[in-house]
Amino acid sequence: MPTVKNSVKSDGSHHMSPRLVDAAQNEDQLASLANRFGTPFYLYDASVIEHQISALREVLPASELFFSFKSNPNPAVAQVIRENGCRADLTSLGEIEAALSAGFDLSFALYGGPGKSVEEFVSAINAGVRQFSVESENDLAALNKASSHLNVPVKALLRINPKQAPKAKLAMSGVASQFGFEEDYLRNEGRELMNRVGEMVNLVGVHIYWGTQIGDAEALLNCFSETVRIATEISALIGFPLEIINQGGGFPWPYSKAGEGPDLSAMKEELAALRADSSADWYFESGRYLTARSGTLVTQVMDIKESKDEKRFLILDTGIHHLGGMSGLGRIPRFSIDIEVPAAREENDEITVDVVGQLCTPLDCIGRRITIPNVKEGDLVTIPNTGAYGPSASVLGFLSRPTPAEIVHRDGKVIAATRIRSGHEPIS
Ligand SMILES: Cc1ncc(COP(=O)(O)O)c(C=O)c1O
């Protein structure tokens with residue numbers, strides 16, 4: 001799209017400009033993809049995913065990097081990530097299926113999340129998973145049962161909910177939550193918990209995930225160093241070997257807004273020093289940072305409508321059923337988008353619009369009072385930084401509209417085109 005300056009180096013390769021626009025994102029190609037697959041569609045750029053993996057690895061010390069499937073379970077996206085040496089961070093049997101179809105070796109995967117049943121553990125172990133985060137006494141009991149029933153030894157990491165909250169957009173630790181054992185509980189009663197670790201379960205580490213979208217390098221570093229402190233203290237107190245510290249992540253990137261995440265290089269040196277003092281293996285988990293930048297939501301202007309001389313609505317063929325998920329339903333804070341328009345419209349007078357979709361509810365609003373050059377019905381407009389928490393994190397079934405196509409490309413060449421299934425399937 002033309003609002004973005006795409007620079008091509010003398011050797012023909014592309015500079016990593018803030019938007020990383022490449023061949024596939026020129027208007028002709030978008031139009032041809034729209035003809036082929038219909039609109040709206042998500043376009044994911046494999047090279048950008050690879051760039052993000054390298055950028056993150058560049059600031060991380062010796063460790064394993066796990067891809068959090070929850071951010072984008074598209075198997076073709078996951079395959080690119082696997083080919084770049086990441087492991088799988090999984091939280092459901094559906095994500096296991098996606099990881100298997102992306103070719104992941106599940107014996108290196110980590111499986112977590114609250115409320116896991118014995119059956120779920122059994123299925124995960126049968127699929128090849130051997131490492132689990134345990135989040136509560138019941139969770140541990142279910143893992144005990146599943147592993148002894150199958151007679152398969154598994155590793156467990158104790159997920160801890162620390163006392164302090166981080167500086168994150170969505171804190172998942174240090175606040176009352178369904179995630180992990182309370183730090184105080186472990187300090188007071190952790191020794192007894194050790195008696196309840198089953199014979200086939202090897203408790204060998206700690207997992208702390210402080211939150212998503214942690215503000216900057218300093219805040220991240222603070223979380224990671226607190227994790228080392230808590231993991232070391234708790235493992236010594238309770239009496240299990242600290243072989244693995246799962247540092248979680250929370251590496252930030254803009255969501256559906258143009259721009260880049262903060263510079264993380266400021267944490268590199270101190271993090272390396274922290275790592276050097278720790279004899280455990282370190283894991284990091286990331287979804288958003290690896291995938292958000294790679295994705296662009298391409299959508300068609302269906303109508304522009306004025307109401308009561310007060311407001312103008314830009315009606316797109318996408319909305320909260322494809323983007324923004326529960327935020328659209330007002331369950332978590334509202335999000336807003338940036339829109340990029342075709343070159344031919346750039347010099348047009350500006351209009352201020354509420355950006356809405358085709359669902360029959362005023363909740364279907366993905367941007368309020370957004371000013372853009374005037375566009376016309378039929379124009380393709382794009383929403384940047386939408387490679388994470390897009391379709392799979394949205395209310396896809398709401399109002400039974402089709403799910404968006406998802407196209408993965410490299411240098412403009414389509415690698416895979418899929419869409420998440422929708423509709424009702426008979427179960428009896
Ligand atoms: C335990 C855990 N790990 C990893 C992630 C992935 O987070 P992000 O996509 O922000 O990297 C989440 C997200 O909620 C999470 O809860």
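Values below: every heavy atom of this structure, side chains too, minus hydrogens, waters and symmetry copies. In each ligand, atom 1 is the first atom listed, and ligand 1 is the first ligand listed. This one's a predicted model, so the numbers in the text were calculated from it and none came from an experiment.
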* **Presence of salt bridge, E233 and R229, under 4.0 angstrom** => yes
* Side chain to side chain, F240 and V204, heavy atoms closer than 4.5 Å -> no
* To do: Decide whether an N or O pair under 3.5 Å exists between Q213 and ligand 1.
  => no
* Asked: Which ligand 1 atoms does D89 reach within 4.0 Å, using its non-hydrogen atoms?
  -> 3 (N), 4 (C)
* To do: Quickly, which of Y255, F284, W253 forms a ring pair (Phe, Tyr, Trp, His ring centres under 6.0 Å) with Y289? Name it, please.
  => W253
* Which atoms of ligand 1 are found less than 4.0 Å from any heavy atom of Y389? -> 6 (C), 7 (O), 8 (P), 9 (O), 13 (C)
* To do: Please determine if Y209 has a nitrogen or oxygen closer than 3.5 Å to a nitrogen or oxygen of ligand 1.
  => yes
* Please check if the side chain of K257 supplies one atom and the backbone of S336 the other of a donor-acceptor pair under 3.5 Å. => no
* Lys/Arg N to Asp/Glu carboxylate O, K163 vs E182, below 4.0 Å -> no
* To do: Ignoring angles and geometry beyond distance, decide whether H207 reaches within less than 3.5 Å of ligand 1 through its nitrogen or oxygen atoms.
  => no
* Asked: Does R410 come within less than 4.0 Å of D45, counting only side-chain N to carboxylate O?
  -> no
* Structure fact -> For G287, the ligand 1 atoms with a heavy-atom partner under 4.0 Å come out as 8 (P), 9 (O), 11 (O)
* Residue portion contacting ligand 1 (non-hydrogen atoms closer than 4.0 Å) for E135 -> neither
* To do: Say whether, by atom type as modelled, one donor and one acceptor occur between the side chain of D354 and the main chain of R369 under 3.5 angstrom.
  => yes
* If you count the atoms of ligand 1 from 1 in the order shown, which ones are under 4.0 Å from a heavy atom of R288? -> 8 (P), 9 (O), 10 (O), 11 (O)
* Structure fact -> So the atoms of ligand 1 within less than 4.0 Å of a heavy atom of K70 turn out to be 2 (C), 3 (N), 4 (C), 5 (C), 12 (C), 13 (C), 14 (O), 15 (C)
* **contact_flag G112 ligand 1 heavy-atom lt 4.0 Å** => no
